[in-house]
There are 2 protein chains.
Amino acid sequence: MKIEQTIKIAVDAIVFGYTNQTIHVLLIKQKLGQLKNQWALVGGFVKNGETLTKAVKRELQEEAGIEVDYMEQLYTFGDDVNRDPRFQVISVTYFALVNSTNLTLTADTDAEEAQWFPVNELPELAYDHKEIVQLAKERLQRKLTYQPIGFDLLPTKFLFSDLERLYCSILEQEIDRRNFRKKMLSYGVIEETEEYAPQKSGRPAKLFRFNKQKYMELSMESSGYKIDFV
Amino acid sequence: MKIEQTIKIAVDAIVFGYTNQTIHVLLIKQKLGQLKNQWALVGGFVKNGETLTKAVKRELQEEAGIEVDYMEQLYTFGDDVNRDPRFQVISVTYFALVNSTNLTLTADTDAEEAQWFPVNELPELAYDHKEIVQLAKERLQRKLTYQPIGFDLLPTKFLFSDLERLYCSILEQEIDRRNFRKKMLSYGVIEETEEYAPQKSGRPAKLFRFNKQKYMELSMESSGYKIDFV
DNA sequence: ACAAAAGTGTTAATCTTACACCCATGT
DNA sequence: ACATGGGTGTAAGATTAACACTTTTGT
């Protein structure tokens, strides 16, 4: 069998982080090539013999010095033959989340500059990356309602109010505080710690922790985890 | 920039059809190559300049002479470097449905033989295709509950009882006939026709039709379509 | 004492589930 | 008249949605 394929395979990562009560996306400023100075997603070509997952993790490390806390495949873009102006590139994109304690970036080549951008204030993006981010945003919204991925955006111990603000900011809607807490706690996957976080003002708040173990048990038996609001 | 990539890109399609009250998967018997006589999914390498979607449609036409009624990307397999024993191949897989009036297969090269298999009685499959089918089956199950894709497996006009059996067979569970009908009709996306289908025995049954228009309107405003049962 | 955020329950409305008998036809 | 599958309603239970005051701290 003869195959003369010249199509290239790349991976790109859409990494979400949560700081200042806002969802952010990780972007890289291209310092080389014809797209110099444009912002783009972390990504690059897959090496021979490398798996897709490894390629993404390598790029994340190389371009931003970051390790993510959650990652899953998002979509493969290959229906616009000219999405990369140089030649035909198919991009397998990944959706990733980082815990807000691990947000520090350190691009280790000086070919790039990595930076967090609030998801609603993105600069112009190279290639079709705007479209990719949009898709990722929708995935994040939907996923949040049926899987406990919000916890991968928060520190291990967090305030209930932060969790709530996280949901508000991702889902872009108001949430009833009492109903939210009631429902969240009803699944038994969040536990109180004995610690309190001092607030700038107001009553001190208990810190909570996500119990992954409990969630696993829950999802085995019932698959009934669902957090959605009107 | 130098890129010496030797990884190949393939597409594979998991096509579901519904006959004899059972979900079937379309398979191809390899008549050439080292995997001769093994059953596999429809698929092949992407040509230079070809989009992914076009590649899948071309393969479906070439290998089975079929046009599908619904298609979406499923997943890209590339984390097992040896999934193809010959060389590194990344496969972008597609999930497809054919209307049960369009099931006729006509492989137009004699390199292959196309055949429908009941999803629970599959032969040994080549490569990692068993895993792919499994993933597709799960997607079909989940998708059925929040999108009206069941209608792409039935003729334009269908019996309510067929729709119900379709859901039973895909979701692998019993369904209360009254509650199912009530809920389905409550969305207003299914309309009665004036026609009756003569039954082998028993009371003649009305034929129904899916109103895509209505569904679009519904999903614009509320996104509240959900068909799930315990 | 007041400002600021945390914490907490009840009720009405809606949706879901469970369940059994009559209907229209062909033989 | 009987066998076969089609067609229909109701009531109890569960879930969701709406809603406002008290608590604890710092200033």
Side-chain angles (χ1 to χ4, degrees), chain A residues 20-22 144-146 154-155 157-169 171 173-209 218 221-230, chain B residues 20-22 144-146 154-155 157-169 171 173-209 218 221-230:
Chain A
N20 292 125
Q21 309 184 359
T22 317
L144 195 64
T145 67
Y146 63 88
L154 291 172
K157 291 174 186 175
F158 54 86
L159 301 177
F160 225 105
S161 54
D162 271 330
L163 184 63
E164 190 196 317
R165 271 189 288 267
L166 174 69
Y167 273 74
C168 286
S169 105
L171 301 177
Q173 63 183 282
E174 297 287 293
I175 289 176
D176 181 283
R177 193 148 49 97
R178 281 171 292 186
N179 292 341
F180 180 75
R181 177 184 271 250
K182 209 186 308 170
K183 191 158 199 178
M184 267 295 177
L185 291 174
S186 76
Y187 292 115
V189 299
I190 294 179
E191 54 196 28
E192 260 178 51
T193 68
E194 291 310 307
E195 295 164 69
Y196 285 81
Q199 299 302 97
K200 286 156 218 146
S201 75
R203 179 173 172 174
K206 281 212 191 84
L207 286 167
F208 289 79
R209 189 195 295 122
L218 178 69
E221 51 193 48
S222 69
S223 90
Y225 178 89
K226 210 180 83 225
I227 307 282
D228 52 4
F229 303 93
V230 187
Chain B
N20 294 124
Q21 309 184 357
T22 317
L144 196 63
T145 67
Y146 64 88
L154 291 172
K157 291 175 187 175
F158 53 86
L159 301 177
F160 225 104
S161 55
D162 271 330
L163 183 63
E164 190 196 318
R165 271 189 288 265
L166 174 69
Y167 273 74
C168 285
S169 106
L171 301 176
Q173 62 184 282
E174 296 286 294
I175 290 178
D176 181 285
R177 193 149 49 97
R178 281 172 292 187
N179 292 341
F180 179 74
R181 176 184 271 249
K182 209 186 310 170
K183 191 157 199 177
M184 267 296 176
L185 291 175
S186 76
Y187 291 116
V189 298
I190 295 178
E191 54 197 29
E192 261 179 49
T193 67
E194 290 312 306
E195 296 164 67
Y196 284 81
Q199 299 301 96
K200 286 156 218 146
S201 75
R203 178 174 172 174
K206 282 212 190 83
L207 286 167
F208 289 79
R209 189 197 295 123
L218 177 70
E221 53 192 46
S222 70
S223 89
Y225 178 90
K226 211 180 83 225
I227 306 283
D228 53 3
F229 303 94
V230 188

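Naming convention: chains lettered A, B, ... in sequence-line order (proteins, then strands); numbering from 1 in each chain. From a predicted model like this one, the values you see are computed outputs, not experimental measurements.
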Report task. Mind checking side chain to side chain donor-acceptor pair (under 3.5 Å) for A:Lys183 and listing every partner two or more places apart, or none if nothing turns up? Result -> none
Query raised in the report: Rounded to whole angstrom units, what separation is found between the CD1 atom of B:Ile227 and the P atom of C:dT17?
Result: 12 Å
Query raised in the report: Between D:dA17 atom C1' and A:Glu174 atom CD, what is the distance in whole Å?
Result: 15 Å
Report task. Could you tell me which residues satisfy salt bridge (Lys or Arg N to Asp or Glu O under 4.0 Å) with B:Lys182, sequence neighbours excluded, listed by chain and number? Result -> none
Query raised in the report: Can you check the B:Asp176 CG to D:dT8 C1' distance for me, whole Å?
Result: 12 Å
**Report entry** Residue-level proximity of residues 159-169 of chain B to DNA chain D when a heavy atom falls under 4.0 Å
**Finding:** B:Ser161
Requested in this report: Can you sort out the partners of A:Arg209 under salt bridge (Lys or Arg N to Asp or Glu O under 4.0 Å), two or more places apart, ordered by chain and number?
Outcome: A:Glu191
Query raised in the report: What string of B, S and - do you get for nucleotides 22-27 of chain C 5' to 3' if you count protein non-hydrogen atoms under 4.0 Å?
Result: -BBB--
Query raised in the report: Which residues in residues 177-192 of chain B have at least one heavy atom lying under 4.0 Å from any atom of DNA chain C?
Result: B:Arg178, B:Asn179, B:Lys182, B:Lys183
Query raised in the report: Excluding sequence neighbours, so at least two apart, what forms ring-ring contact (aromatic ring centres under 6.0 Å, His included) with B:Tyr146?
Result: none
Query raised in the report: Are A:Met184 and A:Tyr167 side-chain neighbours, meaning at least one heavy-atom pair lies under 4.5 Å?
Result: yes
Query raised in the report: Are any non-hydrogen side-chain atoms of A:Ile175 and A:Cys168 less than 4.5 angstrom apart?
Result: yes
Query raised in the report: Does A:Ser161 have any side chain to side chain donor-acceptor pair (under 3.5 Å) partners at least two apart in sequence or in another chain, and if so, which?
Result: A:Arg165
**Report entry** Pair B:Glu192-B:Phe160, side-chain contact (heavy atoms from CB on, under 4.5 Å): steps then yes or no
**Finding:** CA-CA 10 Å; B:Glu192 261 179 49; B:Phe160 225 104; over 6 Å; no
Requested in this report: Keeping to residues at least two apart or across chains, list the side-chain hydrogen bond (donor to acceptor under 3.5 Å, both in side chains) pairs with something in residues 194-205 of chain A.
Outcome: A:Lys157-A:Glu195
